[in-house]
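In what follows, a structure is listed as structure tokens, so that the remarks can point back to it.
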Number of protein chains: 2
Amino acid sequence: MDLLKISKALADATRFKILKILMAKGEISCSELEGHFTLSQPTISHHSKILFDCGLIHAKKDGQHSLLSVNKKLLEKYLTSLKEELVK
Amino acid sequence: MDLLKISKALADATRFKILKILMAKGEISCSELEGHFTLSQPTISHHSKILFDCGLIHAKKDGQHSLLSVNKKLLEKYLTSLKEELVK
DNA sequence: TCAATATATAGATATATTTCAATATATCTT
DNA sequence: AAGATATATTGAAATATATCTATATATTGA
């Protein structure tokens with residue numbers, strides 16, 4: 001787990017919102033995700049990729065769709081590690 | 001507390017290291033802090049300012065020195081809020 | 001096979017960030 | 001008062017990031 005990479009991924013309003021939406025909705029397609037933003041499709045794709053690259057989201061191919069969801073295990077691990085690194 | 005601003009402040013290797021040093025040492029001057037880096041004095045001053053501006057560090061004037069320390073209350077609050085916003 | 005839909009990638013532009021050298025300001029010491 | 005030390009600010013350069021349009025790729029359905 002790359003703590004810094006995950007921190008950078010989270011330090012952006014759009015990506016933070018993506019995570020929150022995914023946490024609330026469970027598993028949704030890219031197009032459904034795009035519906036929550038006024039940003040363009042490539043921009044949402046770009047941000048999703050950054051979240052995927054640091055491991056924070058899963059992507060499951062389902063036909064022409066990609067179903068995105070949060071990697072809750074890693075998210076928990078990140079929150080725990082952040083606390084351990086800084087506070088303990 | 002500005003969650004995004006704090007997240008951005010933490011999402012940098014130098015600033016993360018500054019926080020860790022301050023957590024370990026308690027209260028130290030800027031010059032002592034600089035000793036832990038190969039970066040220039042203005043660069044460390046710049047990063048310290050970003051941490052100060054989001055509230056994560058205190059700065060107490062002591063003669064010609066500025067004594068820096070972590071705002072542990074806010075750091076704890078941040079870690080709690082981050083978890084609440086994302087996980088709950 | 002062809003058109004439509006979903007997602008990804010490329011390339012360009014605008015903005016933000018990191019860094020340093022130079023300089024300013026404040027305080028201490030002699 | 002003058003020199004030394006500590007910190008902050010300015011201005012510039014290099015790099016990174018966010019965003020868009022245009023286009024590519026993949027999949028579905030008629």
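So that the names make sense, note that chain A is the first sequence line, chain B the second, and so on, each numbered from 1. The shown structure was predicted, so the numbers you read here are calculated from the model rather than taken from an experiment. Note that these values count all heavy atoms, side chains included, but never hydrogens, waters or copies made by symmetry.
- Using a 4.0 Å cut-off, some side-chain N or O of B:T43 falls inside it from OP1 or OP2 of C:dC20.
- The separation between A:I44 atom CD1 and D:dC20 atom C1' is 12 Å, rounded to whole Å.
- The side chain of A:P42 lies closest to C:dT9 when the candidates are C:dT9, C:dT7, D:dA18.
- Between the base of D:dT28 and the side chain of A:Q64 there is no donor-acceptor pair shorter than 3.5 Å.
- OP1 and OP2 of D:dT5 both lie 4.0 Å or more from every side-chain N or O belonging to B:S31.
- If you take CG of B:D53 and C1' of D:dT9, they are 13 Å apart, rounded to a whole angstrom.
- Taking side-chain N and O atoms only, A:S40 has a distance below 4.0 Å to OP1 or OP2 of D:dC20.
- Here C:dC28 presents its P atom at 8 Å from CG of B:D62, a figure rounded to the nearest Å.
- Distances from the side chain of A:Q41 to the nucleotides C:dT7, C:dC20, D:dA8 place C:dT7 closest.
- Between B:S45 and D:dA8 there is a side-chain polar atom (N or O) within less than 4.0 angstrom of OP1 or OP2.
- Put simply, the side chain of B:E34 reaches to within 4.5 Å of the side chain of B:C30, judged on heavy atoms.
- Distance from the side chain of A:H46 is smallest for D:dT19 among the nucleotides D:dT19, C:dT19, D:dA22.
- Of the residues near DNA chain D, A:I50 and A:G63, the one whose nearest nucleotide (by heavy atom distance) lies more toward the 5' end is A:I50.
- Residue-to-nucleotide proximity on DNA chain C shows that, of A:A59 and B:A11, the 5′-proximal contact is made by A:A59.
- The phosphate of C:dT27 (OP1 or OP2) has no side-chain N or O of B:H65 nearer than 4.0 angstrom.
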